[in-house]
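As structure tokens, the structure follows; a few thoughts come after it.
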2 protein chains.
Amino acid sequence: MSDTTAAPDMLSWTCPAPLRDRPRVVMGHGGGGVMSAELVEQVFLPAFGQVAPGGLTDSAAVELGGARLAFSTDSFVVRPLFFPGGSIGDLAVNGTVNDLAMSGARAAYLSCGMILEEGVELATVGRVAEALGAAARTAGVRVVTGDTKVVEAGHGDGVYINTSGIGLIPPGVDLRPQRVVPGDVVVVSGAIGLHGVAILSERENLRFEVAIESDCAALGGLVEAMLAVTPDLHVLRDPTRGGLAASLNEIAAASGAGVVVQERAVPVPPPVASACAVLGLDPMYVANEGKLVAFVPRDQADAVLAAMRAHPLGAGAAIIGEAVADHPGMVVARTGLGGTRVVDMPLGEQLPRIC
Amino acid sequence: MSDTTAAPDMLSWTCPAPLRDRPRVVMGHGGGGVMSAELVEQVFLPAFGQVAPGGLTDSAAVELGGARLAFSTDSFVVRPLFFPGGSIGDLAVNGTVNDLAMSGARAAYLSCGMILEEGVELATVGRVAEALGAAARTAGVRVVTGDTKVVEAGHGDGVYINTSGIGLIPPGVDLRPQRVVPGDVVVVSGAIGLHGVAILSERENLRFEVAIESDCAALGGLVEAMLAVTPDLHVLRDPTRGGLAASLNEIAAASGAGVVVQERAVPVPPPVASACAVLGLDPMYVANEGKLVAFVPRDQADAVLAAMRAHPLGAGAAIIGEAVADHPGMVVARTGLGGTRVVDMPLGEQLPRIC
């Protein structure tokens with residue numbers, strides 16, 4: 001643990017009420033669920049001097065020199081560094097590219113900040129860098145600025161990476177959960193749960209009959225194909241930490257609409273379902289790294305779905321539900337047996353350090 | 001140390017020749033000197049698929065939507081988190097704001113990626129966030145997007161922060177070491193060595209007769225004042241890791257000019273000189289966080305110096321040398337006794353984790 005002695009003139013700091021029963025950071029604060037949101041809303045936003053009305057999105061839309069830009073950042077601490085279907089280098093590119101894509105922007109430039117742990121093999125750093133470079137070329141984005149820090153052995157975990165990215169938001173595109181209205185159709189771009197299960201099986205050395213690989217991919221092209229049908233998509237999210245459940249809850253909370261999901265329509269591959277059953281996980285809460293969920297005006301849904309299915313990264317796209325006027329802010333799943341269950345916002349994350 | 005097992009299909013990676021005698025990362029790879037440069041040039045640039053001709057600068061100049069932007073990133077791993085004159089929160093803002101300022105850009109927007117260590121006190125995180133927010137307000141920059149990850153105890157050090165930033169480069173401004181020509185005057189904005197000595201004295205619990213505080217500050221306003229005299233400054237650098245010696249060597253190497261420094265003209269405060277003498281450090285190699293060095297056309301030097309001295313952050317500005325046609329790429333100091341010594345590029349960093 002760090003030396004956290006405050007300078008003598010440092011004011012004391014009072015923990016906001018919702019956080020007081022946990023005076024120290026726990027893994028769940030990084031899980032993308034309720035605890036992450038509390039930390040951001042109670043600590044970071046007040047300190048940084050701004051409150052984003054209607055919540056936070058994965059990237060900020062800003063104006064600079066007359067250009068409308070998306071600007072996003074993500075740090076990557078995944079363990080292990082290499083896993084079936086990808087590596088921290090792939091995640092570092094695709095995670096930020098996807099955050100930009102969720103505001104409709106095609107990523108143009110990335111930064112890359114590495115925090116290396118003393119003693120990590122240069123060959124490991126080299127392989128990570130090559131994976132990162134290859135992913136950037138695939139995504140059509142350029143890494144233009146970087147920084148490297150080294151911390152003593154025992155203060156890192158091989159390689160941590162931050163990438164930030166900027167891209168142009170096309171004219172007429174305005175993707176925000178506040179734009180969701182009852183009647184919007186909810187579409188996912190394909191099978192869910194692959195990334196989280198791939199990481200966990202690698203970490204725990206589990207072997208399933210069918211190998212499960214991360215779906216890690218850059219979604220800029222898929223989003224462009226969708227926006228070519230109509231710039232009037234309402235909101236996009238990549239369901240990473242906290243899975244589909246977290247994304248749908250964020251959208252419901254920020255929009256004030258309710259969300260109904262037809263459980264049978266959610267594309268969960270049988271190997272993911274089996275693995276989740278064994279591991280006691282709910283696929284709705286498992287992280288993805290190459291999928292998106294879209295809220296689409298009803299009259300555009302078929303055309304958007306067709307465009308998605310015509311794209312390699314949307315071949316498994318499916319309509320899974322709709323926005324409703326009932327139960328505002330709440331996500332409800334209709335089960336295969338005709339029942340109903342509430343899909344809560346996760347508290348923390350079932351699997352720490354999956355990205 | 002991380003699990004660094006490569007996926008089976010991962011190609012083997014061959015360490016480039018200059019790095020081969022050290023197959024693992026050492027602290028010096030993060031020091032901003034020769035070893036850092038080798039890592040970037042031999043590993044990162046080839047992997048990322050681009051070679052910046054004439055070397056790297058602290059921020060990239062990119063075009064997006066017709067706007068000419070500076071884009072920069074920096075990770076902060078300073079230890080301790082709070083030190084005389086500042087904190088990791090101040091550094092996280094000022095470091096990136098200054099990187100942008102060195103390309104002439106006024107920082108407009110920052111991202112903030114936090115990697116928190118499980119178990120760190122929320123009060124510490126809160127104080128860091130408040131320092132960061134206060135520094136952003138002072139610098140006139142907005143934090144608009146963020147990310148938080150948590151790593152297990154023993155895989156971090158309380159709080160690591162990455163900030164990235166974007167800003168507009170004013171028309172007519174073109175700050176690059178390649179623009180340096182023999183005859184250019186070398187100006188520093190004030191006393192050097194304060195940040196590094198402040199960190200080291202805090203870390204080692206050293207007490208000097210006169211308290212030494214970090215000079216950590218945002219330089220955007222000072223740069224604006226200098227550019228108001230003439231947009232034709234040739235190059236600016238903030239001498240952080242590796243100190244003035246590293247910045248001057250980078251400029252000499254990239255420009256092909258030689259640099260001569262009049263040692264007596266370099267503003268080293270007596271307490272810094274005393275501390276360096278005790279600690280066996282050379283002030284030329286000690287990090288600063290609120291100073292800049294400028295190469296200015298000779299006919300503009302007096303006016304630029306006057307503008308700097310009229311700004312609170314340039315009150316101690318001084319002409320310390322010049323660019324020369326002799327000894328291209330080399331930095332030479334004329335000592336007080338009339339002798340000459342070569343000021344080498346540092347290999348690593350005398351004081352790890354000072355930013």
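The chains referred to below are lettered A, B, ... by the order of the sequence lines, with proteins before strands, and numbering in each begins at 1. Quick note: numbers below take in every heavy atom, side chains included, and nothing from hydrogens, waters or symmetry partners.
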> Which is it for A:Leu64 and B:Leu69 under the side chain to side chain contact (heavy atoms under 4.5 Å, CB included) test, yes or no, and what are the steps along the way?
Replying inline: CA-CA 8 Å; A:Leu64 200 54; B:Leu69 306 180; 3.6 Å; yes
> Can you check side chain to side chain contact (heavy atoms under 4.5 Å, CB included) on B:Val151 and A:Tyr160, steps first, answer last?
Replying inline: CA-CA 10 Å; B:Val151 293; A:Tyr160 295 149; 3.4 Å; yes
>> Between A:His29 and B:Thr148, is the side chain to side chain contact (heavy atoms under 4.5 Å, CB included) condition met? List the steps.
In response: CA-CA 8 Å; A:His29 284 120; B:Thr148 308; 5.8 Å; no
>> Does B:Val125 form a side chain to side chain contact (heavy atoms under 4.5 Å, CB included) with A:Val25? I'd like the steps, not just the answer.
In response: CA-CA 9 Å; B:Val125 177; A:Val25 168; 3.9 Å; yes
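Partners of B:Arg68 by salt bridge (charged side-chain N to carboxylate O under 4.0 Å, His left out), not counting sequence neighbours: none found. With sequence neighbours excluded, the residues satisfying ring pair (Phe, Tyr, Trp, His ring centres under 6.0 Å) with B:His195 are B:Phe83.
Of the two parts of A:Ser36, neither the backbone nor the side chain holds a non-hydrogen atom closer than 4.5 Å to a non-hydrogen atom of chain B. There is no contact between A:Gln42 and chain B, counting heavy-atom distances below 4.5 Å. Heavy atoms of A:Leu39 lying under 4.5 Å from chain B belong exclusively to its side chain. Looking at B:Arg241, only its side chain comes within 4.5 Å of chain A, counting heavy atoms on both sides.
The shortest distance between side-chain heavy atoms of B:Ser164 and A:Asn162 falls below 4.5 Å. When side chains are defined from C-beta on, A:His155 does not count as touching B:Glu117, because their heavy atoms never get closer than 4.5 Å. Side chains of B:Leu122 and A:Pro23 form no contact here, defined as non-hydrogen atoms less than 4.5 Å apart.
Contacts with chain B were tallied for A:Ala67, A:Gly167, A:Gly30, A:Ala129; A:Ala129 has the most, counting heavy-atom pairs under 4.5 Å. Highest contact tally toward chain B, considering only A:Leu132, A:Asp99, A:Val43, A:Asp74, is held by A:Asp74 [criterion: heavy-atom pairs under 4.5 Å]. Taking chain B as the reference chain and counting heavy-atom pairs below 4.5 Å, the highest number among A:Leu168, A:Val62, A:Leu116 is found for A:Val62. With chain A as partner, the option from B:Ile166, B:Val26, B:Thr163 having the largest number of non-hydrogen pairs under 4.5 angstrom is B:Ile166.
Across all their heavy atoms, B:Lys149 and A:Val77 have their closest contact at CB-CG2, 4.0 Å.
Inspection of non-hydrogen atoms places B:Gly133, B:Arg137 of residues 133-140 of chain B under 4.5 Å from chain A. Chain B is approached within less than 4.5 Å, heavy atom to heavy atom, by A:Ala108, A:Tyr109, A:Leu110, A:Ser111, A:Cys112, A:Gly113, A:Met114, A:Ile115 from residues 107-115 of chain A, ordered by number.
A distance-only check finds no donor-acceptor pair linking the side chain of B:Asp147 to the backbone of A:Thr73 [under 3.5 Å].
Salt-bridge check for A:Glu118 with B:Arg24: failed, with every basic side-chain N at 4.0 Å or more from each acidic carboxylate O.
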